[in-house]
2 protein chains.
Amino acid sequence: MQIGMRTDTNPTLADKLAAAIADGILNGRLPPGERLDEVGLAEQHGVSRTPVREALRQLAMSGLIDMRPRKGAIVSKATPEEIESLFVAMAEMEATCARLAAMSMTPIERRRLQARHESMVALAAAGETEAYSDANVAFHSAIYAGAHNAPLADYAMNLRRRVGPYRRAQFRVDGRLLRSNQEHDAVVRAIVSGDAAGAHAAMIHHVSLVEDAFEAFAAINAA
Amino acid sequence: MQIGMRTDTNPTLADKLAAAIADGILNGRLPPGERLDEVGLAEQHGVSRTPVREALRQLAMSGLIDMRPRKGAIVSKATPEEIESLFVAMAEMEATCARLAAMSMTPIERRRLQARHESMVALAAAGETEAYSDANVAFHSAIYAGAHNAPLADYAMNLRRRVGPYRRAQFRVDGRLLRSNQEHDAVVRAIVSGDAAGAHAAMIHHVSLVEDAFEAFAAINAA
DNA sequence: GCATGCCGATTTGCATACAAGATGGATGCC
DNA sequence: GGCATCCATCTTGTATGCAAATCGGCATGC
C-alpha cells in the first residue's frame, strides 16, 4: 500500500513519475491543495499523459493526492479534522508496531534498536535538528520492521508520509529534541524487555506528543 | 485506501472496472494466481486497454493484485507466511478499531451495536450461515465506523477484503457460528461499557480464533 | 446590480497506434 | 538426448488523437 511497493529494477515511467511527484509533495514543493495538471506534469517530465495518469491513480490510492472524476487531481488538502484523524491513525499504527516488535523482535534487532537509540542521544544533546530528524525516521522504521508484519509496517509508513506535509519542522518547537529522546527511551526499554503493553502505551504517548508539537508549531506560524 | 474510495456519481470507466475486477476476486471467480490479461479484460468489458490499465494500477495499490513491470498482473497469491501476516494485521486493525470505538462511540452507536449483536444471536442459533455471514460483515463494519477514524477504518476494511479469498466458508467449520457469537458478546460488552483495553483484547481474541478456523478449514480441504 | 444562460477554451477520459521487452518453441550444437 | 540460442509472437509500455465534460467569461434578461 506504499508508494514504492512495486520495488523492482526496471521501473516503468509511471512508477518513476509517482515517486517523483510523491517526493515533490513530501518536500513541500507541491503544497497541499496544489493542482496537478496532467499536461503540465507530462511536459515537465518530458513524457506523454498516459504514464502521468497512471501515476496519479497510484498516488490517489495512497492518499497523497485527491482525484475527482473529470475534475482533475490536487495534492491532498486535509481539513483540521482529517489531519487529526491522520495523527491518531499514525499513533495507533506506531503503537501497534511497537507492541508487535516487543513480542517478536529478535535479540539482534533489539540490540540494534537500542544502539540506534543511544546514538541519537548525542544528536539530541548537540541540538543537531537535521541529523536527528533523519535518525528519527530510521528509528521508527526499525520499529516498523521489527513488527515482522509487512502490511502493518507498510501502512504505518504510508501514514507517516501522509502526515509529513503537515508537520514539517516539528522539531523546531523548542525543547522538542530532548523530550523526544526521553520518550524514545521509554519505548526502547519496553520493546527490549518484551513488555508489549508498555511499548504500546509508550509509543502512543510519544506520537501524541509529536502531534501536540505540531499543533504548537501550527499555532506559532498562524500568529 | 479502499477500492470504492473515489465514491462519486459519475465514476470513470477505470473505477467501474476496478470495482468489477475486485468483485470477481472477492467472489472467487478470479482465484489467487489468476492471470489478468489486459486485452482479455478489455474485450470482456468492451473497452480499450487504457482504462483497464488504470484500474489494474488502482487494484495493485490496494494489494488485491500484484503487478510487475512488463510481466503483467495476477490476482495476489500470498504465501502461507503472507497470509499469516494478513490475518495478524487484520486482527490488530480490528482490535485497534474496537479500542477506539470503546473510547469514542456515541451512546446511539453503542445501542445500535448492541441491537445488531442481539439480532445475530437468533441467526447463530438457527444456523443460518449465509445471513449470519452478511450480518457479521455489517457488525464489524459498525465497529470500524465507531472508531471515528477514516484512515484506520478504511485500512481495516481493505485488509478484510484482502483476506476474503483465503477464508471463504470459514463458518462451515462446525460450531463456529455459536463460538463467534459468544466472542462478539465479549467485544460488545467491552465497547458498550467503554472498556478500551478490554475491547482490544476481546477483539484480538475473536479474530485470532477466526484465523484458527481458517486454518482448520484449510486443513480439512487439504485432506 | 445580480442572476442566468450560452459559448469558447481548456482539461480530462478513452481509443487507437506504435515501440519495446518478454515468452515460448523450433533449431542447431554438443 | 539434453541444452543453449535465436526468432516469431504475444504482451505490456508509451505516445498520440479524438470525444466529451468542465470552467470561465461575457452577454442577456430581470
Side-chain angles (χ1 to χ4, degrees), chain A residues 3-22 24-25 30-77, chain B residues 3-22 24-25 30-77:
Chain A
I3 310 296
M5 170 170 271
R6 304 183 35 166
T7 306
D8 215 299
T9 46
N10 226 3
T12 180
L13 266 186
D15 290 323
K16 289 191 260 186
L17 285 170
I21 297 168
I25 295 174
L30 299 171
E34 179 91 349
R35 179 167 181 73
L36 297 169
D37 179 56
E38 293 179 4
V39 293
L41 289 169
E43 287 174 0
Q44 188 175 331
H45 291 85
V47 300
S48 80
R49 280 176 52 221
T50 307
V52 171
R53 285 178 59 82
E54 292 183 5
L56 290 181
R57 228 161 229 286
Q58 194 165 330
L59 292 169
M61 286 304 286
S62 84
L64 272 180
I65 74 172
D66 281 342
M67 285 181 82
R68 285 170 50 196
R70 296 161 214 288
K71 296 249 187 123
I74 62 167
V75 178
S76 281
K77 184 174 191 170
Chain B
I3 310 298
M5 172 171 268
R6 303 184 34 167
T7 307
D8 216 299
T9 46
N10 226 4
T12 177
L13 265 187
D15 290 323
K16 289 190 259 185
L17 285 170
I21 296 168
I25 294 173
L30 298 171
E34 179 91 349
R35 182 170 178 70
L36 296 169
D37 179 55
E38 293 178 4
V39 293
L41 288 169
E43 287 174 359
Q44 190 175 329
H45 290 86
V47 300
S48 80
R49 281 176 51 219
T50 308
V52 172
R53 285 178 59 81
E54 291 181 6
L56 290 181
R57 227 158 229 287
Q58 196 164 330
L59 292 170
M61 287 303 286
S62 84
L64 231 47
I65 73 173
D66 281 341
M67 285 182 83
R68 285 170 50 197
R70 297 160 215 288
K71 296 251 187 123
I74 61 167
V75 178
S76 283
K77 184 175 190 170

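Atoms considered below: every heavy atom in the structure, side chains included; atoms not considered: hydrogens, waters and symmetry mates. In the text below, chain A, chain B and the rest are named by the order of the sequence lines, each starting its count at 1.
- Listed by residue number, the members of residues 37-49 of chain B with any heavy atom below 4.0 angstrom from DNA chain D are B:Asp37, B:Glu38, B:Arg49.
- The side chain of A:Pro69 lies closest to C:dG13, out of C:dG13, D:dG13, C:dT12.
- Of the possible donor and acceptor atoms, one in the side chain of A:Ser76 sits under 3.5 Å from a partner among the backbone N and O of A:Gly63.
- Considering only heavy atoms from C-beta on, B:Asp15 comes within 4.5 Å of B:Gln58 through its side chain.
- The interatomic distance linking A:Arg70 (CZ) with C:dA9 (P) rounds to 23 Å, in whole Å.
- If A:Leu36 and B:Pro51 are placed on DNA chain C by their nearest nucleotide, the residue sitting closer to the 5' end is A:Leu36.
- For B:Thr50, the side chain to side chain donor-acceptor pair (under 3.5 Å) criterion is met by no residue, not counting sequence neighbours.
- The side chain of A:Asn10 lies closest to C:dA22, out of C:dG13, C:dA22, D:dG13.
- B:Arg57 CZ to A:Leu56 CG: the interatomic distance, rounded to the nearest 0.5 Å, is 11.0 Å.
- The distance between atom CG of A:Leu56 and atom P of C:dT11, rounded to the nearest whole Å, is 14 Å.
- For the helix from C:dG1-D:dC30 to C:dC30-D:dG1, the terminal axes (five pairs an end, C1' atoms, rotation from four pairs onto the next four) enclose an angle of 10°, given to 10 degrees.
- Taking only distance into account, the side chain of B:Thr50 meets the base of C:dT16 through a donor-acceptor pair shorter than 3.5 Å.
- In terms of heavy-atom proximity, B:Gly33 sits nearest to B:Lys77 at N-CB, 3.8 Å.
- If you find the closest nucleotide of DNA chain D to A:Lys71 and to A:Leu13, the one lying nearer the 5' end belongs to A:Leu13.
- One interatomic measurement links the two molecules: CG of A:Leu17 to C1' of D:dG13, which rounds to 12 Å at whole-angstrom precision.
- Within the model, atoms CE of A:Met67 and CZ of A:Arg70 stand 11.5 Å from one another, a figure rounded to the nearest 0.5 Å.
- To the nearest 0.5 Å, the span separating CD on A:Gln44 from CG on A:Leu17 amounts to 10.0 Å.
- When each of B:Ile74, B:Ile21, B:Ile65, B:Leu64 is tested with B:Leu30 by the rule side-chain contact (heavy atoms from CB on, under 4.5 Å), just one qualifies, namely B:Ile21.
- Rounded to the nearest 0.5 angstrom, A:Ile25 CD1 and A:Leu59 CG are separated by 6.0 Å.
- Here the P atom of nucleotide D:dT14 and the CZ atom of B:Arg53 are 7 Å apart, to the nearest Å.
- In this structure, CZ of A:Arg68 is placed 17 Å from P of D:dA21, rounded to the nearest angstrom.
- At whole-Å resolution of the value, CE in A:Met67 and P in D:dT22 are 15 Å apart.
- Atom CD in A:Glu54 sits roughly 12 Å away from atom P in D:dT12 (whole-Å rounding).
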